[in-house]
Amino acid sequence: MKVYKSISSLIKKVREVKKQGYKIGLVPTMGFLHKGHMSLIRKARKDTDYIIVSIFVNPAQFGPKEDLKRYPVDLKRDFMLCEREGVDIIFTPEAKEMYPNGYATYVNVEKITDTLCGASRPGHFRGVSTVVAKLFNITMPDIAYFGRKDAQQAIIIKRMTEDLNMGVKIKVMPIVREKDGLAMSSRNVYLNRKERCRSQSICKSLKSAKELFNSGERESKKIINKIKRVIDNQPDTKIDYVAIVDTKDLKDIKRISGEALVAVAVWIGKTRLIDNIILN
Ligand code: PAF
């Protein structure tokens with residue numbers, strides 16, 4: 001496994017790899033890897049010949065009051081985990097390598113970025129699509145892997161890839177959960193013991209939504225209210241949003257007839273967590 005920090009040296013290497021006819025799999029991450037990331041790397045290992053994992057805490061996707069400065073980092077551990085999974089290259093550039101002085105180009109996917117997390121985190125998805133487009137240009141992957149926990153992100157990246165004819169296949173892998181159901185996230189490390197316990201209400205609320213749906217309920221409002229009740233039952237939790245939306249255009253669905261994404265964002269103390277399920 002080799003670690004690259006320089007874009008130009010990585011591009012040179014990627015060109016060689018492509019010349020040899022290898023299929024490249026890219027797993028973009030912000031590091032502090034967990035089992036969710038590992039599932040993406042393992043899938044890439046199955047599908048492709050050459051795996052690149054990027055580790056970059058992308059400043060462009062954090063708002064001024066967000067957690068950029070305290071985002072968890074443990075590169076030594078990340079390298080060890082990647083090595084163990086047979087990753088070929090880690091790309092971990094400095095911010096000034098990705099956004100040098102004079103940087104002025106951003107990718108903005110419209111409409112589907114205005115809702116859900118996009119509404120609460122203005123500019124977030126502009127930062128995500130920009131960095132992902134740059135990572136695609138640098139690593140030239142055949143397939144790129146994303147987790148379904150960030151469902152809106154995956155939908156936006158698919159849209160961008162299609163709209164800009166990027167020729168990269170996007171694979172979205174299932175959410176990996178802790179034993180108690182909490183969706184794996186690097187941000188879970190922010191939770192203290194009490195908050196960790198309260199955070200279980202998120203997954204519980206989605207389970208109860210699924211039960212309600214399975215018992216025949218199709219009115220989104222009733223399912224959303226059920227979710228809110230389960231989460232509000234816990235102290236120190238603040239719902240950012242609960243929504244039931246179409247899985248392609250992310251528009252609100254009043255009555256579920258096809259596939260629907262049930263997405264939630266909740267503040268547990270000072271930590272904002274997201275989770276979702278698909279109802280079909
Ligand atoms: O999901 C993430 O970790 C990030 O948003 C991504 C896709 C690596 C872009 O910085």
Side-chain angles (χ1 to χ4, degrees), residues 1-34 37-38 40-45 47-62 66-108 123-147 150 153 157 160-161 164-171 186:
M1 186 180 82
K2 221 174 152 210
V3 178
Y4 284 80
K5 281 180 163 289
S6 140
I7 295 174
S8 55
S9 341
L10 179 56
I11 290 180
K12 207 168 146 214
K13 176 70 186 172
V14 168
R15 287 202 177 121
E16 277 169 32
V17 171
K18 286 199 100 66
K19 233 187 218 165
Q20 286 165 324
Y22 291 133
K23 200 170 173 183
I24 297 179
L26 170 69
V27 181
T29 81
M30 297 209 299
F32 210 69
L33 304 179
H34 51 69
H37 296 116
M38 293 305 121
L40 306 183
I41 295 173
R42 282 178 200 150
K43 180 68 179 143
R45 179 88 283 163
D47 295 346
T48 63
D49 314 305
Y50 205 89
I51 305 176
I52 305 178
V53 172
S54 64
I55 300 179
F56 178 58
V57 184
N58 173 33
Q61 68 187 73
F62 288 80
E66 292 185 353
D67 57 340
L68 173 63
K69 286 210 174 103
R70 68 173 187 138
Y71 197 85
V73 177
D74 190 344
L75 279 181
K76 212 171 144 193
R77 184 172 159 276
D78 290 348
F79 290 178
M80 189 265 290
L81 291 171
C82 285
E83 179 104 65
R84 215 166 63 188
E85 294 299 330
V87 169
D88 297 286
I89 284 179
I90 290 185
F91 176 48
T92 176
E94 298 290 336
K96 59 179 184 303
E97 178 76 0
M98 292 294 270
Y99 304 109
N101 277 342
Y103 188 89
T105 306
Y106 292 87
V107 180
N108 195 30
H124 168 65
F125 288 119
R126 176 181 182 257
V128 170
S129 38
T130 300
V131 82
V132 171
K134 281 172 74 69
L135 290 169
F136 286 178
N137 284 339
I138 295 164
T139 63
M140 300 171 231
D142 295 274
I143 311 179
Y145 298 82
F146 296 87
D150 298 287
Q153 168 173 281
I157 287 165
M160 172 187 77
T161 314
L164 297 182
N165 313 101
M166 289 175 151
V168 181
K169 187 167 179 188
I170 305 300
K171 285 207 178 170
S186 305

Below 4.5 Å, heavy atoms only, C-beta onward: do T92 and F56 meet side chain to side chain?
no
What one should report as the nearest heavy-atom pair of L68 and F62 is N-CD2, 3.4 Å
Value for NE2 (H37) from CD1 (I55), rounded to nearest 0.5 Å, stands at 9.0 Å
Are any of the side-chain heavy atoms of K2 and D88 separated by less than 4.5 Å?
no
Within this structure, what is the CG-NZ distance for the pair L10 and K13, rounded to the nearest 0.5 Å?
10.0 Å
One should read off an interatomic distance between S186 OG and D78 CG, to the nearest 0.5 angstrom, of 8.0 Å
Would you indicate whether the side-chain heavy atoms of V87 and F79 approach each other to under 4.5 Å?
no
When rounded to the nearest 0.5 angstrom, what is the spacing between CZ in R45 and OH in Y50?
10.0 Å
Listed partners of K18 passing salt bridge (charged side-chain N to carboxylate O under 4.0 Å, His left out), at least two apart
D142
In terms of heavy-atom contacts, G86 and I51 come closest through O-CD1, 4.5 Å
What residue pairs, at least two apart or across chains, pass side chain to side chain donor-acceptor pair (under 3.5 Å) with a residue in residues 97-106?
N58-Y99
Spacing of K12 atom NZ and I7 atom CD1 [to the nearest 0.5 Å]
15.5 Å
Residue set satisfying salt bridge (charged side-chain N to carboxylate O under 4.0 Å, His left out) with E66, at least two apart, ordered chain then number -> R121
For K171, which residues count as a salt bridge (charged side-chain N to carboxylate O under 4.0 Å, His left out) partner, sequence neighbours excluded?
D47
List the steps and the verdict of side-chain contact (heavy atoms from CB on, under 4.5 Å) for M1 and I89.
CA-CA 5 Å; M1 186 180 82; I89 284 179; over 6 Å; no
Within the 4.5 Å heavy-atom criterion, are I170 and Y145 side-chain neighbours or not?
no
Counting only heavy atoms not in R70, do more than 12 fall under 6.0 Å of its CZ?
yes
Does the distance from a Lys or Arg side-chain N to an Asp or Glu carboxylate O, for K5 and E94, drop under 4.0 Å?
yes
Going by heavy atoms in the side chains, are K76 and D74 under 4.5 Å from each other?
yes
Got a second to check how far S6's OG is from F91's CZ, nearest 0.5 Å?
7.5 Å
Show the atom names and distances, to 0.1 Å, of all donor-acceptor pairs under 3.5 Å that link a side chain in residues 20-33 to residues at least two apart or in another chain.
| unit_1 | atom_1 | unit_2 | atom_2 | d |
| --- | --- | --- | --- | --- |
| T29 | OG1 | G31 | N | 3.0 |
| T29 | OG1 | S54 | O | 2.8 |

Pairs flagged by side chain to side chain donor-acceptor pair (under 3.5 Å) wherever residues 127-136 is involved - sequence neighbours left out:
none
Which is it for M38 and R42 under the side-chain contact (heavy atoms from CB on, under 4.5 Å) test, yes or no, and what are the steps along the way?
CA-CA 6 Å; M38 293 305 121; R42 282 178 200 150; 4.1 Å; yes
Is there a side-chain contact between V17 and D49, using heavy atoms and a 4.5 Å cut-off?
no
Assess whether side-chain contact (heavy atoms from CB on, under 4.5 Å) is satisfied between D150 and V128, documenting all intermediate values.
CA-CA 11 Å; D150 298 287; V128 170; over 6 Å; no
How close do V168 and F136 get, heavy atom to heavy atom, and via which atoms?
CG2-CD1, 3.9 Å
So do V53 and E85 actually touch side chain to side chain, heavy atoms under 4.5 Å?
no
Is any side-chain heavy atom of M98 closer than 4.5 Å to one of L135?
yes
